[in-house]
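For reference, the structure is listed below as structure tokens.
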Amino acid sequence: MTASLQASPALMDRALLQRAAIDALRKLDPRTLLRNPVIFVTEVVSVLVTLLALRDAAAGAPWGFQAAIAAWLWLTVLFATFAEAIAEGRGRARALSLRAARSDTPARLLRSADSRDWQPRPADALRPGDLILVEAGDLVPADGEVVAGIASVNEAAVTGESAPVIRESGGDRSAVTGGTLVVSDSLVVRVTAGPGSSFLDRMIRMVEGAERQKTPNEIALNILLAGMTIIFLIAVATLAGFASWAGTPPSVTVLAALLVTLIPTTIGGLLSAIGIAGMDRLLRFNVLATSGRAVEAAGDVDVLLLDKTGTITLGNRQAAAFIPAPGVSAASLAEAAMLASLADETPEGRSVLAFASAQHGILPPALPDGAAVVPFTAQTRLSGIDLPQGRFRKGAVEALVATLGTTLAPELQEAVERIARGGGTPLAVSRDGQILGAIALQDIVKPGVQQRFAALRQMGIRTVMVTGDNRLTAAAIAAEAGVDDMIAEARPQDKLDYIRRAQAEGRLVAMCGDGTNDAPALAQADVGMAMQTGTQAAREAGNMVDLDSDPTKLIEVVGIGKQLLITRGALTTFSIANDVAKYFAILPAIFVAQYPALDALNVMRLASPESAILSAVIFNAVVIVALVPLALRGVGASRGGAAALLRRNLLVYGLGGLVVPFLGIKLIDLLLQTLGIF
């Protein structure tokens with residue numbers, strides 16, 4: 001994996017802290033803070049208290065208390081902007097190597113796909129639709145789709161994987177990314193992205209946080225926090241009126257301190273950092289989210305669609321047995337299976353050749369000149385070859401039977417069903433229209449998959465296996481893996497229909513895919529994770545791209561999304577709960593002179609009203625910094641359901657939010673006394 005995406009800069013990294021401190025000062029611009037109403041109000045109050053302190057200093061009146069309150073109010077604002085800046089800084093550090101990967105090399109612009117006449121063109125002058133030639137040793141100058149040729153491409157600049165990958169036209173591995181290196185052969189590429197909008201450019205902007213938009217839940221929480229701020233503003237103004245009626249109105253500085261300590265500054269200061277950190281955690285898994293909405297949606301997913309091959313199973317199905325039809329010798333079936341697989345370059349096809357050679361000593365001949373190869377397609381679900389000695393086919397049993405218009409012998413039908421019930425995949429083999437028997441392919445469920453699906457089930461997520469296998473085989477694998485549902489003999493439309501039905505029931509759906517035929521379902525899903533090795537259509541349709549092209553990572557993505565939501569909820573609970581302790585610190589301090597009975601609420605026995613107020617303001621600022629590591633790291637997700645999660649949040653962050661401020665404010669008060677300030 002790419003080191004710049006994998007390795008997070010240490011939180012105490014000096015360069016990161018220095019850059020974050022500078023950015024935090026820049027973010028004090030009121031036009032920037034308007035996006036965060038809680039911190040904006042805090043800044044306005046800080047300006048007001050600062051002006052009052054300056055006025056008193058100029059008039060020769062006592063101004064030390066006002067200055068101390070003003071200083072800590074400014075630090076509250078600065079700590080909030082620092083939390084966001086340090087989260088953005090971690091992403092910015094990851095973007096440095098991505099910027100280095102961008103290529104400004106000249107391109108070879110072709111007149112047509114069939115022509116090799118080219119003219120030089122700067123990479124930044126290429127436009128979508130242009131055809132370019134890239135040869136061994138060239139950097140791909142722009143994102144595109146291979147329209148001719150096959151070549152090995154080193155994508156380490158993007159994925160970090162040093163082993164070259166194959167890129168070819170007409171398949172699910174036809175997309176190339178600007179900045180990658182062609183290792184061998186040549187390709188004709190149709191440009192699909194203009195300057196500034198390439199995959200790498202979008203990665204850089206997303207990693208830096210420049211394109212991060214607030215998600216619906218984040219917007220809703222911002223509205224809630226703004227509403228609470230307005231309510232507390234009205235409450236403080238009302239308290240001022242009551243105090244004035246009693247004859248001893250509190251100072252504006254004291255009321256300002258009360259307002260700032262009561263409004264939810266803790267979660268207001270950490271909210272943006274939590275969202276940025278969620279995308280940062282995805283990047284550590286080499287997953288690029290094209291929107292914050294996708295990360296958040298992953299946390300609310302109800303249905304998870306996973307391919308069987310390579311995700312639930314190891315994906316390397318191997319020929320395990322030849323089952324001849326009645327009256328057919330095993331050697332004849334092995335020879336026909338071997339000939340039908342001569343042009344099949346898939347692992348399954350090569351395993352048939354190896355099995356025929358190992359079990360029956362039949363060495364595969366070279367592919368004869370003039371042989372008519374019948375390629376496999378999703379529609380026919382069979383492949384083969386036409387030779388002078390016959391027409392050989394192999395493929396899904398139902399497909400081959402339907403194509404030939406015949407039926408299986410009862411003994412062979414029973415054997416096919418037995419293979420399927422055992423979780424294997426039966427392939428029928430024919431010669432000149434006669435079915436000779438079946439090949440048993442075996443795949444293995446990945447270790448630990450059952451436990452992972454069980455954990456997802458506890459979180460309320462329904463797992464669905466998608467496979468092109470027949471229903472019997474699919475049912476056997478589904479039972480062994482422990483999935484909740486399956487789509488057998490799946491076509492692109494089947495996946496799209498399943499997603500639409502689930503969404504019509506109010507569910508959120510996640511799926512992964514890499515082919516052009518997956519694009520409609522990826523676009524329809526709430527979380528669509530495309531593979532980096534997939535087609536351009538798939539990458540454009542999804543809202544996440546996995547740079548490692550590992551479909552199993554979708555499970556981790558769901559976990560990261562849930563962690564983001566849990567972190568936001570936990571810190572919101574803590575922020576609201578710790579306001580209660582501030583009531584016991586500030587309210588008695590303000591009104592104890594008018595209402596001596598309020599001294600009973602001074603449970604912390606703070607030294608003086610001034611010490612109580614300043615201690616609460618200091619704690620209000622310091623707690624933001626203390627929670628920054630937790631906001632960036634995230635709160636761990638438990639395996640229980642919603643009820644267990646609620647209990648844990650209330651116990652740890654609700655009760656903790658009540659207890660910690662009492663301890664913190666008291667310790668600060670003792671420190672102020674020790675220093676002789678009060």
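Fair warning: this is a prediction, and the values are worked out from it, not measured in the lab. FYI, side chains are in, hydrogens and waters are out, and symmetry mates aren't considered; it's all heavy atoms of this structure.
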Are any of the side-chain heavy atoms of Leu51 and Val47 separated by less than 4.5 Å? yes
When rounded to the nearest 0.5 Å, the distance separating CD1 of Ile461 from CG of Asp300 is 9.5 Å
* Is the backbone of Gly528 close enough, under 3.5 Å, to the side chain of Asn543 for a donor and an acceptor to pair up by distance? -> yes
d(Ser611 OG, Asp669 CG) to nearest 0.5 Å is 3.5 Å
Legend entry - Heavy-atom donor-acceptor pair, Ser575 side chain to Leu571 backbone, under 3.5 Å: no
Item to complete: Mark yes when over 12 heavy atoms from residues, nucleotides or ligands other than Arg31 sit less than 6.0 Å from its CZ; otherwise mark no.
Response: no
Side chain to side chain, Leu522 and Met511, heavy atoms closer than 4.5 Å: yes
Is there a donor-acceptor pair under 3.5 Å between the side chain of Asp302 and the backbone N or O of Leu508? yes
Practice item. Would you indicate whether the side-chain heavy atoms of Gln18 and Ile22 approach each other to under 4.5 Å? Key: no
* Hey, does the side chain of Asp526 reach the backbone of Val301 with a donor-acceptor pair shorter than 3.5 angstrom? -> no
Heavy-atom check, side chain of Arg507 versus side chain of Arg501, under 4.5 Å | no
Side chains of Thr229 and Pro264: does their closest heavy-atom pair fall under 4.5 Å? yes
Side chains of Val660 and Val623: does their closest heavy-atom pair fall under 4.5 Å? no
Q. Where do Arg648 and Ile566 land on the side-chain contact (heavy atoms from CB on, under 4.5 Å) test, with the steps shown first?
A. CA-CA 11 Å; Arg648 191 192 71 167; Ile566 291 168; 3.6 Å; yes
query: Is the backbone N or O of Leu565 less than 3.5 Å from a side-chain atom of Arg568, with the two atoms forming a donor-acceptor pair by type?
result: no
Does the side chain of Ile624 reach to within under 4.5 Å of the side chain of Thr76, using non-hydrogen atoms?
yes
Test Thr81 against Leu33 for side-chain contact (heavy atoms from CB on, under 4.5 Å), laying out the working first.
CA-CA 9 Å; Thr81 57; Leu33 285 182; 3.8 Å; yes
Next on the checklist: Using the rule given for side-chain contact (heavy atoms from CB on, under 4.5 Å), can you reason through Leu233 versus Val41, listing the C-alpha separation, both sets of side-chain angles and the distance that settles it, and then say yes or no?
Outcome noted: CA-CA 10 Å; Leu233 183 60; Val41 168; 5.9 Å; no
Report yes if the side chains of Ile613 and Thr261 come closer than 4.5 Å at any heavy-atom pair, otherwise no.
no
Rounding to 0.5 Å, atoms OG1 (Thr572) and CG (Leu221) come to a distance of 4.5 Å
Nearest heavy-atom contact between Lys495 and Ala521 is CB-CB, 4.2 Å
So OH of Tyr653 and CG of Leu658: to nearest 0.5 Å the spacing works out to 15.0 Å
Review point. With a cut-off of 6.0 Å (strictly less than), are more than 12 heavy atoms of other residues, nucleotides or ligands near CH2 of Trp63?
Key: no
Evaluate the side-chain contact (heavy atoms from CB on, under 4.5 Å) criterion for residues Thr32 and Glu84: first the C-alpha distance (whole Å), next the side-chain angles of each, then the deciding distance (0.1 Å), finally the verdict.
CA-CA 12 Å; Thr32 302; Glu84 182 176 358; over 6 Å; no
